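In what follows, every chain begins at residue 1, and chains take the letters A, B, ... in the order their sequences are listed. As the structure is a computational prediction, the values presented were derived from the model and not from experiment.
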2 protein chains.
Amino acid sequence: MVTLGDVAAAAGTSTTTVSRVLNGCGDSHRISARTQQAVTTAAEELGYRPSYHARALKAGRSNTIGLMCNADILSGHGQGYFGGMIDGLNSLVRKQGYNLLLTSDDDRHMTLEQGVIFWKEQRVDALITFGYIIERYMATNTPLAPDTVGLPLVLIESQWPLEYPIVSMNCASAINDAVGHLADLGHQCITYLLPTSSQADDRRSFFEIACKARKVEARIVTVDFPNDRQHDRWETIANRAKAIDQIWSQLADCPAVMAYNDHMALGFQLAAHNRGCHVPHDFSLIGFDDLYAQTALPPMSTISHGLQEMGQRAGTIALEMATSPDAVKTWNNRRETVEAVFIPRGSTGPCPH
Amino acid sequence: MVTLGDVAAAAGTSTTTVSRVLNGCGDSHRISARTQQAVTTAAEELGYRPSYHARALKAGRSNTIGLMCNADILSGHGQGYFGGMIDGLNSLVRKQGYNLLLTSDDDRHMTLEQGVIFWKEQRVDALITFGYIIERYMATNTPLAPDTVGLPLVLIESQWPLEYPIVSMNCASAINDAVGHLADLGHQCITYLLPTSSQADDRRSFFEIACKARKVEARIVTVDFPNDRQHDRWETIANRAKAIDQIWSQLADCPAVMAYNDHMALGFQLAAHNRGCHVPHDFSLIGFDDLYAQTALPPMSTISHGLQEMGQRAGTIALEMATSPDAVKTWNNRRETVEAVFIPRGSTGPCPH
DNA sequence: CTGTTAGCGCATTCAG
DNA sequence: CTGAATGCGCTAACAG
């Protein structure tokens, strides 16, 4: 590899000078234009690049933000979620001269520990991760208090109110819009279909409030799914359809359904399909996430997370924490919300009754 | 941060001893059990973690494999592809004590340059990337010869025969299986639907060979798509459906369609849907990629890449190249293939005629 | 059985 | 205007 010394030798000067020129401190140190020229051309010709590790060791910073996730989110349902996240995050950090280190852990219970290790090893200056990873961690460990750990950490969608900055989605008005959309189409009754294991109760509450405001009947139907988390998403959908089929009597007479997520909505659509009922003719259907809704037939009306923006918000906070240590104290405990948005597409139509 | 020196002080010994104990060389250097004990407990209590950068600087290796992609593959059509890839790759490299540095570039034409920089900066010991990134690069630059660059690089699905190791999918027998599946269902004619811009001509050839062997008529239909690469996948599908609709006369009388990819297949399905034709009743439809097929209704028969395995193969080669420099020469020019597999699902049925 | 020393590549202080 | 010397944290010769 080519080092500062090599460039210095080629330019007939010292490493100090080379370092200064290449870091743009040449002028303030009043280095002659001729020397600067010699240095830059030598560096260019040799294809010099500073050793990342030497630099990071000296500076005590890695100029890297870590994004922690686990295998679930990469290979399972969360692929689209993850991709959207990175989309917003990556361009943001690069503009500040930072890089994004994506770490995913195959062992589903060691993700956070892995992240902390990365931080202790100085591989990353700050970490971004998803709330559920922390929640999973906390189920078997003592909480990580920011003031004792000193770890610059940003959480996305954390249910548990940890003393870290948390960026989360607010879906109240999006759900209100969705309910309004159905009401405008003449629907007098809307079913909210969710898994028994679901934790995001706020969605349900918002749904009920919105229905009350519009004077439409709010029906809650929960379904239990055995053998979930299949590798083949189709299997999952088929499973959901099967479970939904068993409680079909609870669903049959209300032709508008809002589902906990797109995946569940597809399960409903399949179950309906198998019974000869079609969307949007017999049922109006609204998903949640916009991860599978775009490729559904008909294209599914859904509520979108605004993932890119969430990524950017989290990134902004992480960068600030990485840059100035004081910012860590300032940001911890802060809450940022991004507005979800209802996207009407082709799965909703006038009430058939 | 806590350094080797801190641990040494706490254990009442020197940094050398600490280093040896913590790296497991304690026994071979005959360090007393008592000292070893003291060191390990001290390290434990202080929460010591070696500085990644110091270590990498000393060793001249980063123990990191880089996976390069660009924004397209993260946020666009390739999310699933990417996720499947990582799924196989990540677990593999971690088992060898390596980490995965995922780099994606927002500037679509600088991805490879960015990767080379990462390598020169010693951030990664080897790189894995996708053929199309290299091809894009080569369109405006001189080729990267491995022997002059010395860069340990593994390519995935490269059309251009660069002198690097290339891992690619072989879809010959999968396509043959798909054609056989349709033939067994009584289809006498099959349309292969592909975009005019498509480059993967081998698929088309395999299709034609398989049809000839089965004595079914092979029809090739190409479609041109304006305004592609939309952000909203639904828009893309709608665009495709529109374009397909305009050449519908070429498609109407042959009730079996194999599409260039799942996305195209969905476009066809939508176009058919708009004309009152349904899958699999009026048309049997087979996709390619298994990226969108699992969540389609009906679940789409498709050809799957075997992405996890491709990731693992590429990872294995990259690790060998990273570990021993000789391996670079051995591996360059090598070709590895992974067999694609036809997955029958619900979008194919008996010929209606 | 253990410690001293040196050097990885860089940026920076201090001295010309 | 420039360079020599120092140290970031770690490991590996080389001494004891």
Side-chain angles (χ1 to χ4, degrees), chain A residues 1-40 42-43 46-63 97 117-125, chain B residues 1-40 42-43 46-63 97 117-125:
Chain A
M1 75 168 300
V2 34
T3 71
L4 261 195
D6 299 331
V7 180
T13 178
S14 73
T15 61
T16 311
T17 306
V18 174
S19 173
R20 286 209 261 252
V21 172
L22 262 34
N23 290 316
C25 321
D27 292 325
S28 60
H29 278 268
R30 289 176 305 178
I31 290 175
S32 70
R34 220 169 48 95
T35 311
Q36 297 214 27
Q37 188 54 252
V39 167
T40 30
L46 294 171
Y48 170 76
R49 275 277 139 188
S51 154
Y52 171 68
H53 301 297
R55 218 174 220 198
L57 178 60
K58 190 87 182 82
R61 293 180 307 111
S62 59
N63 281 286
I117 287 174
F118 269 35
W119 172 69
K120 283 191 174 176
E121 289 177 344
Q122 313 247 294
R123 289 181 75 135
V124 296
D125 298 335
Chain B
M1 74 168 302
V2 34
T3 72
L4 260 195
D6 299 333
V7 179
T13 178
S14 74
T15 60
T16 310
T17 306
V18 175
S19 173
R20 289 210 259 253
V21 172
L22 262 34
N23 289 317
C25 319
D27 293 324
S28 61
H29 279 269
R30 290 175 307 180
I31 290 175
S32 72
R34 222 169 48 94
T35 311
Q36 297 214 26
Q37 189 54 251
V39 167
T40 31
L46 294 172
Y48 169 75
R49 274 276 140 187
S51 155
Y52 169 68
H53 301 297
R55 227 178 211 194
L57 179 60
K58 189 88 182 81
R61 293 180 307 111
S62 58
N63 281 286
I117 288 173
F118 269 35
W119 172 69
K120 284 192 174 176
E121 289 177 343
Q122 313 245 293
R123 288 182 77 136
V124 296
D125 298 334

dA4(D) base / T16(A) side chain donor-acceptor hit below 3.5 Å
yes

Whole-Å distance, Y48(B) OH to dG9(D) C1', equals 7 Å

Which word best sums up how the rings of H53(B) and H53(A) line up, parallel for under 30°, tilted for 30 to 60°, or perpendicular for over 60°?
tilted

Classify S51(A) by what it touches in the nucleic acid, base, sugar-phosphate, or nothing, heavy-atom distance under 4.0 Å.
sugar-phosphate

Reckon Y52(A) touches a base, only the sugar-phosphate, or nothing at all at heavy-atom distances under 4.0 Å?
nothing

Under 4.0 Å between any heavy atoms, over every strand shown, what does L4(A) touch: base, sugar-phosphate, or nothing? Just pick one.
sugar-phosphate

From CZ of R49(A) over to P of dC10(C), roughly how many Å is that when rounded to an integer?
12 Å

Are any of S19(A)'s side-chain N or O atoms less than 4.0 Å away from OP1 or OP2 of dA11(C)?
yes

Take atom NZ of K58(B) and atom C1' of dC10(C), then tell me their distance rounded to the nearest Å.
15 Å

Base, sugar-phosphate, or nothing: which does T13(B) touch, judged by heavy atoms less than 4.0 Å apart?
sugar-phosphate

Pair of N/O donor and acceptor under 3.5 Å linking dT2(C) base with T35(B) side chain:
no

dT12(C) phosphate, OP1 or OP2: any side-chain N/O from R20(A) under 4.0 angstrom?
no

Can you measure R61(B) atom CZ to dC8(C) atom C1' for me and round it to whole angstrom units?
14 Å

